[in-house]
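Since this is a predicted model, take the numbers as computed values, not measurements. FYI, the numbering just counts along the sequence from 1. Atoms within each ligand, like the ligands themselves, are counted from 1 in listed order.
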Amino acid sequence: MRSGTATAALALAAAGLFGVAVPSTAQARAGEPAVAARAAGLPVAARAAALPYLDPSLPVATRVTDLLGRMSLDDKVGQMTQSERGTTSAADITAYRVGSVLSGGGSAPTPNTPAGWADLYDGYQRGALATPLQIPILYGIDAVHGNNNVLGSTIFPHNIGLGATRDPALVEKIGRATAEEVTGAGPDWTFAPCLCVARNDRWGRTYESFGEKPEIATAMTTIVDGLQGSRLDGPASVLATAKHFIGDGGTTGGTDQGDTQISEAELRAVHLPPFAAAVRRGVGSVMISYSSFDGVKLHGNKYLITDLLKGELGFTGFVVSDWAAIDQLDGRSGFTQAEVVAGVNAGLDMIMVPTDWKTFVGYLKAAVQSGQIPLSRIDDANRRILTKKFELGLFERPYADRSYASTVGSAAHRALARQAVRESQVLLKNAGGILPLAKTGGKIFVAGKSADDIGNQSGGWTLSWQGASGNTVPGTSILAGIRAAAGSGTTVTYQRDGSGIDSSYRAAIAVVGETPYAEGQGDRTGSMSLDATDLATLSRLRSAGVPVIVVLVSGRPLDVAAEIGNWTALLAAWLPGSEGAGVADVLFGDYAPTGKLPVTWMQSVSQQPINDGDGKTPLFAYGFGLTYAPTQPDPTPTPTPTPTPTDSAPAGACRVRYTTNDWSSGFTGTVALTNTGSTTLAPWTLTWTFAGGQTVTQAWSARVVQSGAAVTATGEAWSASLAPGATVSFGFNGSLSGANPRPAAFSLNGATCTVE
Ligand code: GLC
């Protein structure tokens, strides 16, 4: 929602108090202010007030049609143009009728404060309202983990950590908080969420993905509701963007902007569901991917943009290109009129042209005048864009709503971010139950390049495009969180490289991992191991002979199999953002870890890509995550739901692959369950009986409870139903006192399964 200083003038004029002569349709259609109004020196706004498109009581479609009928080709071309703030003045907006401006990563005004941003935004709006038809601009930014361009904003965990939470309701709240902080700084549009499904951890944008399977990103589209609110013109609602359509996470080798060389069936099964979910939630815009699908650049792919996204999915918002992406269509630098034609005719509605946008305006206009782009395509693009501008309420309230400035970096938002950090932590190893650490007594040594580095813990897209190490944004480092959590009776020593440690410490915490990166600069084509600095620190700590707890700050799984044997515990912290205290909450037991791996964790970089169900044996499976819960299974098991007739699978309508990894006192069980029947089972319940006294202690990717020797597994909220042909994988740890005989039989909703 915007503020409404323009409204008063319009209301007065609408009351006819100025006696303004409503311009003839021809004059209005030409987009030029009525001479009478201008001659009378009246503000142009007074002239426009009498026009239907400015009447908020009319249906949006009516207003769009009226406005479209008054627009010149210059107006229409301008609406399809998005320029960057660094190359655009408010006067440019007026002269070229530019419809949108963006800030690229880190492109901020001075001062970089909410007020500085709101002044920037309002300046462009004044430029827009000085055009004949007074069409407000849309201002787009990458608020991808909070309003991360604005200094002082709450920085939330990046998406890979949010995927580990498996908490769609939490993610919706994060969307709401982000929308408030964006609104308080002025802009009305964020290029988020990224709904990419990262299939190769080498990809530099893996951390922007919610996980390797579409079900997580699909579930997390709740963030669209948080960002857009129940109404786009509601308080603090901002336009969301589902990006990058489609398949950016599935390129060969995980190459950013590479080629997704898979079948259309796989593209639809793996990469499409999150976009379909976002469209169902009414996402206002979709950004196209730089990548190619089977050799065809997405930005020129009419079948995927127009036929699939707009046709089959019924997307009625507008499609925006990525940063200078049309330049890539012919494989040469810069863009040509031919590339403009190809992109717009493929279905691009708004073109992000950061620098040479004046050339773009000329090419687009010429392409329409020459018939290379039909006017119907231009009108469709304008209709889509204008519809969102009307729905956002921009015509009534075009200016920044500064009442939300106080939410920027607020205590409430930081508390929410801290909860998200807690829920995103995934405990991968906890030998001897070293975690949670006691808060009081003795000495704790903290080391590692990311222990006291809020820039590292925030990652890319933080204050700058690539992010940066150092004390970059206000917040709490992981070290500060540890110091605050440890009681006064505990000595916490910090030494970045681990020097000075000795055996007098009861534990060492090493916070290591990756330094910030974004996009292709984060692609890792070679090793995915820890760097030499981290390995040297860990070696020093190990030499003291104290338990070493590793906290991994990274945007993806790293190749740690060779080192993990020397670690007592391993906590995947991902990129937690500004509230590092959430990590300490888990380390000291104020929050028992609940995070589950959103990506499969490789045993070796040679396994990449490695994903659930591909037959490769990981170090840690998709969905794995330990906790501190009592080791005894829930004494009051969840009653097995009585399958209704529609739920019962006919005999043999299921197949189970059951594997175990045993050690002296325990074992890990992994189950792959396939519905070979013809009906969707919702809910599904798999039962079996242990014959050797095995006892389930922890489970992941399913709810597993045991009563005596009988074991029951049911789906998580995000995997509650099992469609025909679908396979769900889940696992559990168990204790045993002797042999580990396989269960004799498995039943799915009452039907006996075949066992591989
Ligand atoms: C970048 C990214 C995209 C972002 C856009 C604007 O290159 O691919 O995710 O929204 O440019 O910053």
N/O to N/O below 3.5 Å, does that happen between W323 and ligand 1? no
Do the rings of H158 and H145 sit parallel, tilted or perpendicular, given the 30° and 60° boundaries? parallel
Give the atoms of ligand 1, by number and element, whose distance to some non-hydrogen atom of Y290 is under 4.0 Å. 7 (O), 8 (O)
Ligand 1 to F191, heavy atom cutoff 4.0 Å, flagged ligand atoms 10 (O)
Would D453 and S450 count as a side chain to side chain donor-acceptor pair (under 3.5 Å) here? Give the steps. CA-CA 5 Å; D453 193 309; S450 297; over 6 Å; no
For M287, the atoms of ligand 1 under 4.0 Å from one of its heavy atoms are 3 (C), 10 (O)
Taking atom 9 (O) of ligand 1 as the reference point, the nearest protein heavy atom with its distance: H244 NE2, 2.7 Å
Mutual orientation of the aromatic rings belonging to Y290 and H299 [parallel < 30°, tilted 30-60°, perpendicular > 60°]: tilted
Checking a contact table here: which protein heavy atom is nearest atom 11 (O) of ligand 1, and how many Å away? D322 OD1, 3.0 Å
Purely on distance, is any nitrogen or oxygen of R205 under 3.5 Å from one on ligand 1? yes
Hey, is W465 one of the residues with a heavy atom under 4.0 angstrom from ligand 1? no
May I ask whether E519 has any heavy atom positioned less than 4.0 angstrom from an atom of ligand 1? yes
If we ignore angles and hydrogens, is there a donor and acceptor under 3.5 Å between the side chains of Y303 and E264? yes
Return the set of residues passing side-chain contact (heavy atoms from CB on, under 4.5 Å) with N159 (not counting sequence neighbours), or none when no residue passes. L162, C194, F210
Side chain of T87, backbone of P354: donor and acceptor closer than 3.5 Å? yes
In ligand 1, which numbered atoms sit nearer than 4.0 Å to a non-hydrogen atom of K243? 3 (C), 4 (C), 9 (O), 10 (O)
Ranked by distance from atom 10 (O) of ligand 1, the top protein heavy atom is D142 OD1, 2.5 Å
Parallel, tilted or perpendicular, judged at 30° and 60°: which one describes the rings of F395 and F390? parallel
Is any N or O atom of W461, backbone or side chain, closer than 3.5 Å to an N or O atom of ligand 1? no
Check the side chains of S285 and T241 for a donor-acceptor pair under 3.5 angstrom, ignoring hydrogens and angles. yes
